[in-house]
Amino acid sequence: MFDIANIRSQFPILSETVYGKPLVYLDNGATTQKPQCVLDVVNDIYMHKNANIHRGVHHLSNVCTDLFEQARKTVARHINALSDAEIIFTRGTTEAINLLAFSFGETYCRPDDEIVITTMEHHANIVPWQMLCERKKMKLRVAKISDKGELDTDHLYSLLNERTRLVCVAHVSNVMGTVNPVKQIIGKAHAMGIPVLVDAAQSMPHKNIDVQDLDCDFMAFSGHKMYAPNGSGALYGKAKWLNEMVPYHGGGEMIEKVTFEKTTYNQLPFKFEAGTPDYISAIGLGRAIEFMEEIGMDNIERHEHELVKYAIERLGAIKDLRFIGEAADHSSAVSFLVGNIHPYDTGMILDKMGVAVRTGHHCAQPLMDRMGITGTVRASFAIYNTKEEIDKLVEAVERVRMMMM
């Protein structure tokens, strides 16, 4: 049974008030709130177990090392990686993609090679590839989207050629909630010998993900968007790629042997984890994944699908409101504008009524340019949200419309 009251009771912050009103938190696409079980794990380590991991011979170091590596196994099992050595802990999606852009680029890319992305990408899946292209004198190719915010897969496939080194695509748009057909894209790219990165920042909290079934070569995601501490996340990569790629950072755990003449690198996954990692956040990520699995990913997806459907129905009835992105396959987020009201003004007034949403370009300025706007109001959902909260959002948006139009 999906017991929403029980789930909400596990998030202390949901009992807070904002300007004297119960908090309605609909900014989950930016970051999720943390359940008590994750807070307890983090506090317990700091209070009773904290010590730097790996290489230590004392008890606390061994305890933390075991917890850290168990968290890696949890991540690997959750996404069905072939081995936990394919899980590289990072600070989140942005660092994971930057790691890949540098290490993959230094290993495989040459002048006039090409990287293919899409118009709907987050800046974190644009800027690192632009930096690579500038550094290596490569070309960045961009697949188009429709007016509804759906990826033009035919155009994407037309961009693939013998010079394409990597396809980088969001599983779910952080602005519009569009779900891209990543398995189909991966199959088409692989038929031409091209590897694929999936940005799963906005899908990992909401869907069952099996990297072996998708057959993606790389996947990046952030823990803080899936009930884990900030500063947690991972890059999944097939071992065949990771073994060949040069390291991103140097020092600490990534070394095997250092001399002034030459350094040799550690085995996977440590080759890409230089220095002291945020092991406590990584352990918290493992506990957050267990929390999600206890609820059931199918239950989470079903509940959030109903929330999105309900939000679209209720918001769609508001006069002068228009959605930005109306893809048939939709998940986790709804973006909209009300008449000519600036999204920032809408967000500020909603906040005074206790409703937290995100406003602006959502780190997707090229997408905003494509849609001919400067920003949107985005409501994004999580396992603890309810239809009653969506009703409060609708009531607040109606109030904004009456005040500003």
Side-chain angles (χ1 to χ4, degrees), residues 10 32 34-93 95-96 99 103 204 211 219-239 241-243 245-259 262-294:
Q10 297 181 59
T32 51
K34 319 308 174 192
Q36 190 64 55
C37 63
V38 171
L39 300 175
D40 288 344
V41 163
V42 171
N43 287 335
D44 180 62
I45 296 172
Y46 276 125
M47 293 173 66
H48 303 294
K49 300 182 176 70
N50 184 43
N52 207 330
I53 60 172
H54 299 135
R55 298 189 304 279
V57 296
H58 61 84
H59 172 72
L60 292 182
S61 178
N62 290 332
V63 167
C64 267
T65 298
D66 289 345
L67 290 171
F68 180 73
E69 292 304 329
Q70 183 56 52
R72 195 190 308 276
K73 293 183 190 307
T74 298
V75 173
R77 172 183 48 74
H78 184 69
I79 65 174
N80 195 30
L82 193 61
S83 165
D84 59 323
E86 296 179 321
I87 305 301
I88 311 300
F89 280 126
T90 68
R91 291 177 296 167
T93 305
E95 185 180 38
L99 186 163
S103 297
M204 191 68 71
V211 293
M219 178 174 284
F221 65 92
S222 298
H224 74 96
K225 297 181 190 294
M226 48 192 295
Y227 317 105
N230 289 359
S232 65
L235 173 69
Y236 157 79
K238 289 181 178 177
W241 297 109
L242 296 178
N243 277 319
M245 284 163 42
V246 299
Y248 176 43
H249 288 149
E253 195 61 33
M254 56 80 66
I255 64 97
E256 179 185 53
K257 181 177 176 56
V258 175
T259 70
K262 183 175 177 57
T263 294
T264 55
Y265 306 129
N266 206 343
Q267 63 186 355
L268 295 177
F270 311 113
K271 172 183 171 184
F272 293 100
E273 294 179 354
T276 299
D278 190 346
Y279 52 90
I280 295 178
S281 290
I283 295 166
L285 170 59
R287 184 63 188 95
I289 288 173
E290 291 171 349
F291 168 76
M292 293 170 65
E293 291 176 340
E294 289 160 8

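Quick note: residue numbers are just sequence positions, from 1.
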Engineer: If you compare all heavy atoms of Lys34 against all heavy atoms of Ala228, which two are closest, and at what distance to 0.1 Å?
Structural biologist: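 Looking at all heavy atoms of both residues, the shortest contact is NZ-O, 2.9 Å.
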
Engineer: Taking all atoms of both residues into account, what is the closest heavy-atom pair of Lys49 and Cys64, and its distance?
Structural biologist: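 Nearest pair, atom of Lys49 first, then Cys64: O-SG, 3.2 Å.
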
Engineer: How close do Asn80 and Val211 get, counting heavy atoms only, and between which atoms?
Structural biologist: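 Shortest heavy-atom separation between Asn80 and Val211 comes out as O-CG2, 3.6 Å.
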
Engineer: Check for a donor-acceptor pair, side chain of Ser61 on one end and backbone N or O of Asn52 on the other, with a separation under 3.5 Å.
Structural biologist: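 Yes; at least one donor-acceptor contact below 3.5 Å.
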
Engineer: Give me the atom names and distance for the closest heavy-atom approach of Pro229 to Val42.
Structural biologist: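 Taking every non-hydrogen atom into account, CG-CG2, 3.8 Å.
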
Engineer: Distance-only, no hydrogens or angles: does the Lys271 side chain make a donor-acceptor pair with backbone N or O of Asn243 under 3.5 Å?
Structural biologist: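 Yes, the answer is positive, given that a donor and an acceptor are paired below the 3.5 Å cut-off.
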
Engineer: Heavy atoms only: give me the nearest Met226-Ile289 pair and the separation to one decimal.
Structural biologist: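 What the structure gives for the nearest pair is CE-CG1, 3.7 Å.
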
Engineer: Taking the six-membered ring for Trp and the full ring for Phe, Tyr or His, determine whether the centres of Tyr279 and His54 are under 6.0 Å apart.
Structural biologist: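 Distance test on ring centres: not under 6.0 Å, no.
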
Engineer: More than 12 foreign heavy atoms under 6.0 Å from NE2 of His58: is that the case here?
Structural biologist: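 More than 12 heavy atoms, drawn from other residues, nucleotides or ligands, come within 6.0 Å of this atom.
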
Engineer: Before you tell me yes or no, could you show the steps for Phe221 and Val75 under side-chain contact (heavy atoms from CB on, under 4.5 Å), namely the whole-Å CA-CA distance, both residues' side-chain angles and the distance that decides it to 0.1 Å?
Structural biologist: CA-CA 11 Å; Phe221 65 92; Val75 173; 3.7 Å; yes

Engineer: Starting from the C-alpha separation in whole Å, work towards a yes-or-no answer on side-chain contact (heavy atoms from CB on, under 4.5 Å) for Leu67 and Val41.
Structural biologist: CA-CA 10 Å; Leu67 290 171; Val41 163; over 6 Å; no

Engineer: Within the distance-only criterion (no hydrogens, no angle test), does the side chain of Lys225 pair as donor or acceptor with the backbone N or O of Gly92 below 3.5 angstrom?
Structural biologist: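 No, because the side chain of Lys225 does not come within donor-acceptor range (under 3.5 Å) of the backbone of Gly92.
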
Engineer: Give a yes or no on whether the backbone of Thr93 and the side-chain of Ser222 come within a donor-acceptor separation of less than 3.5 Å.
Structural biologist: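 Checking the backbone N and O of Thr93 against the side chain of Ser222, a donor-acceptor pair under 3.5 Å is found.
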
Engineer: Over all heavy atoms of both residues, which pair between Ala282 and Ser232 is shortest? Give the atoms and the distance, please.
Structural biologist: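 Nearest pair, atom of Ala282 first, then Ser232: N-CB, 4.4 Å.
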
Engineer: As a quick check of understanding, evaluate side-chain contact (heavy atoms from CB on, under 4.5 Å) for Tyr236 and Lys238, giving each step before the final call.
Structural biologist: CA-CA 7 Å; Tyr236 157 79; Lys238 289 181 178 177; 3.5 Å; yes

Engineer: I'd like to know if the side chain of Glu273 and the backbone of Phe89 have a donor-acceptor N/O pair within less than 3.5 Å.
Structural biologist: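 Checked: pair present.
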
Engineer: Using the rule side-chain contact (heavy atoms from CB on, under 4.5 Å), only one of Met254, Lys257, Glu256 pairs with Tyr265; which is it?
Structural biologist: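 Looking at Met254, Lys257, Glu256, the match for Tyr265 under the side-chain contact (heavy atoms from CB on, under 4.5 Å) is Met254.
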
Engineer: Go through Glu290 and Thr74 one step at a time and tell me if the side-chain contact (heavy atoms from CB on, under 4.5 Å) criterion holds.
Structural biologist: CA-CA 8 Å; Glu290 291 171 349; Thr74 298; 4.0 Å; yes

Engineer: Kindly assign one of parallel, tilted or perpendicular to the pair Tyr227 and Phe291, based on the angle between their ring planes and the thresholds 30° and 60°.
Structural biologist: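 Because their plane-to-plane angle is over 60°, the rings of Tyr227 and Phe291 count as perpendicular.
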
Engineer: With Asp84, which of Lys73, Arg72, Arg77 fulfils salt bridge (charged side-chain N to carboxylate O under 4.0 Å, His left out)?
Structural biologist: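 Running salt bridge (charged side-chain N to carboxylate O under 4.0 Å, His left out) over Lys73, Arg72, Arg77 with Asp84 returns exactly one hit, Lys73.
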
